[in-house]
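These values consider heavy atoms only, across backbone and side chains, with no hydrogens, waters or symmetry-generated copies. None of these values were measured; they are calculated from a predicted model.
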Amino acid sequence: MADPTSRRALIERVLSGVETWEASWGALPDTHLPDGLDGLLDEYAARMEANLPFFHPRYAGQMLKAPHPIAVAGYLAAMIVNPNNHALDASQATSPMEMEVMRMLAGMFGLPDEALGHLTSSGTIANLEALWVARELRPDAAIVYSEGAHYPHGRMCQVLGVASKAVPAHPDGRIDLDAVEAACQRGDVGTVVLTPGTTGLGAVDDVHEALALRERYGVRLHVDAAYGGFFALLGGPAYEAIAACDSVVVDPHKHGLQPYGCGAVLFADPSVARFYLHDSPYTYFTSDDLHLGEISLECSRAGAAAGALWLTLQALPLRRESGLGPILAACRRAALDFAARVDASDGVTLHLDPTLDIVAYFPDRPTTHAIDRATDAVLHAGMADEADPIFLSTLRVSADDFAALHPGISRDADSVRVLRSVLMKPVHEHAAGWLAERIETLASSVE
Ligand SMILES: *Cc1c(COP(=O)(O)O)cnc(C)c1O
């Protein structure tokens, strides 16, 4: 499918389906195309060249990759019609698809069949909805999250006007559950946010151990699996424990091969639908069946996002041994291989063994300040080499966390940037050796 001819064939095939539909209504109008469009399209194409090649193994930086061609085809076919998954009559085809994919996602996490959920435009909005429901259920209690968690949790709590508390994370990025328990003992905690797959290091919080806090203190457990959620397909105790949590967020536009505009939130207890309850004088008129807009904070939502995800998950089901599972397993192998090569290399040190497919490492230097400078230099030298570029990212680590993992390095700064590679493409499995060598060369050539 990586072959552009087959991608094109796929798109033509899916668009022919739209033509069949058009045939019964008359063709979609070609509305007034202005003069000079050719030049404008050339300009647009030229401006697109400024993009970095997210799809290419040379891009080993942030959480970015091209969507799967099946998702592109599915999205395009639905987008041309432009259904809106707010109301059933606005999305006769794609609302039922959204309900089906939500059941598949609930199944992946082992949540009850009746779990309530919907797609959102992003993981941020999905988390906002989960924290909002948490606040409605526990209005006077705080939401606790880890310092290692995605930064918007604090901001979302501010938006919601709910008390929040950040607790420390271990140097490897996992939430410190003793610190969470200490906060619970003070009695003002309503909800704990757990992250199986942190954005920075891909650390997996011990969700299975946090279940005891739910028993002991009656706190709600919200799981932010925006990044790491699909790794549930590969198993492991933290992922298996999600089945016993209260809410979970996952981003199909990260590891679910979708274009942006596709997050998801699920609630184990469907009765939280009561918080969403509203009446709309102009919307829900066609049926008494559930309209997705009745259980979502967002109103208009792209039916195309649901269509694309549905088509993708039919072609690549949520299974461990076939479909999406082997794709995630390849990313994991890429990270392990790359980490082993970095570890064995001269001049580069592995910051931490990767838990998922995110690897952090740094150029060998005697002090944290020198490491920080060399990290920055490798990042820029990699991008600047026009003949043989590589694109990495950096992560800022506190001096305390860094010293805990690398006690031999002298500390002369409050924080230190290390290099970070999100190896979220299966092609990285075949590029790990080459990538590690390239980084080794750069690390020895910069100051
Ligand atoms: C990416 C991410 C988010 C935010 O999701 P968006 O889709 O970018 O809004 C939240 N939590 C974690 C752990 C993430 O990795």
- Take Val342 and Ile439 through the test side-chain contact (heavy atoms from CB on, under 4.5 Å) and record every step on the way to the result. CA-CA 9 Å; Val342 164; Ile439 290 161; 5.7 Å; no
- May I ask you to check whether His222 and Asp246 show a side-chain donor-acceptor distance below 3.5 Å? no
- Are the charged groups of Arg174 and Asp205 less than 4.0 angstrom apart, N to O? no
- Message: Using a 3.5 Å distance criterion without hydrogens, assess whether the side chain of Arg319 forms a donor-acceptor pair with backbone atoms of Leu324.
- Response: no
- Item | Crowding at CG, Asp388 (>12 non-hydrogen neighbours, <6.0 Å) | yes
- Query: Residues two or more places apart in sequence or in another chain: which of them pass salt bridge (charged side-chain N to carboxylate O under 4.0 Å, His left out) with Glu98?
  - Reply: Arg301
- Message: Testing the 3.5 Å rule here: is there a donor-acceptor pair between the side chains of Gln258 and Thr312?
- Response: yes
- Side chains of Ser121 and Glu298: donor-acceptor distance under 3.5 Å anywhere? yes
- Message: Using the rule given for side-chain contact (heavy atoms from CB on, under 4.5 Å), can you reason through Val204 versus Tyr239, listing the C-alpha separation, both sets of side-chain angles and the distance that settles it, and then say yes or no?
- Response: CA-CA 9 Å; Val204 175; Tyr239 285 106; 4.1 Å; yes
- Task: Please confirm whether the backbone N or O of Leu442 pairs with a side-chain atom of Ser445, one donor and one acceptor, at under 3.5 Å?
- Result: yes
- For the rings on His255 and Phe231, is their centre-to-centre separation under 6.0 Å? yes
- Flag for His170-Asp172: side-chain donor and acceptor within less than 3.5 Å: no
- Query: Does Thr394 reach the main-chain N or O of Arg417 with its side chain, forming a donor-acceptor pair under 3.5 Å?
  - Reply: no
- Query: Is it true that a side-chain atom of His291 and a backbone atom of Gly293 form a donor plus acceptor pair closer than 3.5 Å?
  - Reply: no
- Can the ring centres of Tyr361 and His351 be said to be less than 6.0 Å apart? no
- Query: Which heavy atom in Ala66 sits nearest to a heavy atom in Phe55, and how many Å separate them?
  - Reply: CB-CB, 3.8 Å
- Query: Between Arg438 and Asp385, is there a salt bridge with N-O shorter than 4.0 Å?
  - Reply: yes
- Query: Does one side chain, of Asn84 or Ser300, offer a donor that lies under 3.5 Å from an acceptor on the other?
  - Reply: yes
- Task: Would you check if the side chain of Lys425 reaches a backbone N or O of Phe54 as a donor-acceptor pair within less than 3.5 Å?
- Result: yes
- Item | Pairwise side-chain contact, His118 with Glu129, heavy-atom cut-off 4.5 Å (strictly under) | yes
- In a check of side-chain contact (heavy atoms from CB on, under 4.5 Å) between Leu194 and each of Val248, Ile242, Leu177, Val144, which one passes? Leu177
- Message: So Trp310 and Val101, do their side chains get closer than 4.5 Å, heavy atoms only?
- Response: yes
- Item | Asp357 and Arg333 ion-paired at < 4.0 Å | no
- For the residue pair Arg396 and Ser415, confirm or rule out a side-chain donor-acceptor distance under 3.5 Å. yes
- Task: Give a yes or no on whether the ring-centroid distance for Tyr276 and Trp132 is below 6.0 angstrom.
- Result: yes
- Message: Would you say Ser393 and Arg420 are linked by a side-chain donor-acceptor pair, where the criterion is simply a distance under 3.5 Å?
- Response: yes
- Note on the structure: Those residues at least two apart in sequence (or on a different chain) that pass side-chain contact (heavy atoms from CB on, under 4.5 Å) with Glu437 are none
